[in-house]
Amino acid sequence: MRIHDLRPAPGSNTSPKRVGRGIGSGLGKTSGKGHKGQKARSGGGKGPHFEGGQTPLQRRLPKRGFNNAVFKTVYAEVNIEELNRFAPGSVVTPESLKESGLVKKMYDGVKILGNGELKHALTVRAHSFSKSAAAKIEEAGGKVEVI
């Protein structure tokens, strides 16, 4: 047997049902869906959670726990190594970070994270700093100012 002798098993390759095509197909007019009713409509039938009109399980079970996600503080994060693009001795503010493209959206403020090294002294004003970021800024001779 060679690769060109291979054929699919008999009956495994069938052409798809072409519904609504009229004479000859046997699936014209109502396309095999009968007359009217819920199952004849587009999108008809019941969803996966339908229990025959009985209150579904996800509504019968009590809702438990507390979720404070709506009120959490979300910061736009900037790593310390990205601050090297600013001139030595300049003041870095959330507005200047946005202008330079380091911050796309402000959210609840800007947080400076300590990844990387700062090569020159800067005065950095932000809403929050990680401990390592504050230490690295001061080590480079700069100032940390919490807004």
Side-chain angles (χ1 to χ4, degrees), residues 1-87 90-120 122-137 140 142 144-147:
M1 179 177 275
R2 301 268 168 90
I3 193 114
H4 63 270
D5 294 328
L6 293 175
R7 296 275 177 270
S12 67
N13 279 14
T14 56
S15 46
K17 278 187 186 177
R18 298 188 68 221
V19 296
R21 290 304 193 286
I23 301 167
S25 71
L27 292 167
K29 193 183 174 206
T30 54
S31 303
K33 285 177 170 264
H35 290 279
K36 300 185 182 175
Q38 186 177 21
K39 287 183 164 182
R41 313 285 186 214
S42 82
K46 295 175 274 301
H49 302 293
F50 186 72
E51 297 183 22
Q54 169 178 297
T55 306
L57 183 68
Q58 74 269 22
R59 286 189 54 209
R60 289 199 304 267
L61 293 176
K63 305 294 176 269
R64 287 188 49 102
F66 175 76
N67 185 351
N68 204 20
V70 178
F71 304 104
K72 77 177 179 183
T73 309
V74 179
Y75 288 112
E77 297 169 346
V78 178
N79 278 309
I80 226 169
E81 65 187 357
E82 295 169 329
L83 300 180
N84 286 320
R85 66 170 69 181
F86 293 98
S90 62
V91 178
V92 180
T93 62
E95 291 75 28
S96 64
L97 289 169
K98 189 160 186 166
E99 285 169 21
S100 68
L102 286 174
V103 171
K104 299 266 186 287
K105 199 172 177 189
M106 282 296 189
Y107 300 108
D108 297 325
V110 175
K111 183 168 185 170
I112 308 296
L113 303 178
N115 190 15
E117 291 300 319
L118 190 61
K119 295 187 172 67
H120 47 261
L122 294 171
T123 302
V124 185
R125 292 185 184 138
H127 299 90
S128 180
F129 293 86
S130 69
K131 287 178 186 173
S132 62
K136 286 179 182 179
I137 291 169
V144 172
E145 295 179 15
V146 178
I147 301 174

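Because the structure is a prediction, the values reported are computed rather than measured.
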**Message:** Once side chain to side chain donor-acceptor pair (under 3.5 Å) is applied, what residue pairs with a partner in residues 61-80 remain, sequence neighbours excluded?
**Reply:**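 Residue pairs with at least one partner in residues 61-80: there are none.
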**Prompt:** Do any pairs count as a side chain to side chain donor-acceptor pair (under 3.5 Å) and have a residue in residues 39-54, sequence neighbours left out, and if so which ones?
**Reply:**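 Residue pairs passing side chain to side chain donor-acceptor pair (under 3.5 Å), neighbours aside: E51-Q54, E51-R60.
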**Asked** Sub-3.5 Å donor-acceptor pair from the side chain of R21 to the main-chain atoms of V19, do we have one?
**Response**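 Yes: the side chain of R21 pairs with the backbone of V19.
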**Request:** Keeping the roles fixed (side chain from H127, backbone from V110), state whether a donor-acceptor pair exists under 3.5 Å.
**Result:**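 Pair found, side chain donor or acceptor close to backbone of V110.
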**Asked** Between R18 and L27, does a side-chain contact (heavy atoms from CB on, under 4.5 Å) hold up when you go through it step by step?
**Response** CA-CA 8 Å; R18 298 188 68 221; L27 292 167; over 6 Å; no
How far apart are the closest heavy atoms of [X] and [Y], and which atoms are they?
{"X": "G114", "Y": "K136", "result": "O-NZ, 2.6 Å"}
{"X": "S12", "Y": "P8", "result": "OG-CB, 3.6 Å"}
{"X": "K33", "Y": "A40", "result": "CD-O, 3.8 Å"}
{"X": "V74", "Y": "Y107", "result": "O-CB, 3.2 Å"}
{"X": "L122", "Y": "I137", "result": "O-CG2, 3.9 Å"}
{"X": "T55", "Y": "R59", "result": "CG2-CB, 3.8 Å"}

If you look only at distance, which donor and acceptor atoms sit under 3.5 Å apart when one is on a side chain in residues 94-105 and the other is two or more places apart or in another chain?
{"from": "S96", "atom 1": "OG", "to": "T93", "atom 2": "N", "distance (Å)": "2.8"}
{"from": "S96", "atom 1": "OG", "to": "T93", "atom 2": "O", "distance (Å)": "2.8"}
{"from": "S96", "atom 1": "OG", "to": "T93", "atom 2": "OG1", "distance (Å)": "3.4"}
{"from": "S100", "atom 1": "OG", "to": "S96", "atom 2": "O", "distance (Å)": "3.3"}
{"from": "S100", "atom 1": "OG", "to": "L97", "atom 2": "O", "distance (Å)": "3.0"}
{"from": "K104", "atom 1": "NZ", "to": "G101", "atom 2": "O", "distance (Å)": "3.4"}

**Request:** Kindly write out the residues that satisfy side-chain hydrogen bond (donor to acceptor under 3.5 Å, both in side chains) with S130, not counting sequence neighbours, or none if the list is empty.
**Result:**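 By the side-chain hydrogen bond (donor to acceptor under 3.5 Å, both in side chains) rule, S130 matches S132.
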**Item:** Sequence-distant partners of E145, side-chain hydrogen bond (donor to acceptor under 3.5 Å, both in side chains), two or more places apart
**Value:**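 E145 satisfies side-chain hydrogen bond (donor to acceptor under 3.5 Å, both in side chains) with R125 only.
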**Request:** Verify side-chain contact (heavy atoms from CB on, under 4.5 Å) between I112 and V92, making sure each step is shown before the conclusion.
**Result:** CA-CA 11 Å; I112 308 296; V92 180; over 6 Å; no
**Asked** To the nearest 0.5 Å, how far apart are NZ in K36 and OG1 in T30?
**Response**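 Here the rounded value is 12.5 Å.
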**Message:** Rounded to the nearest 0.5 Å, what separates atom CD1 in I80 from atom CG in L113?
**Reply:**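 Reported to 0.5 Å precision, the distance equals 9.0 Å.
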**Message:** Once salt bridge (Lys or Arg N to Asp or Glu O under 4.0 Å) is applied, do any residues pair with K111, and if so which ones, sequence neighbours excluded?
**Reply:**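 Scan of K111 (salt bridge (Lys or Arg N to Asp or Glu O under 4.0 Å), adjacent residues dropped) gives none.
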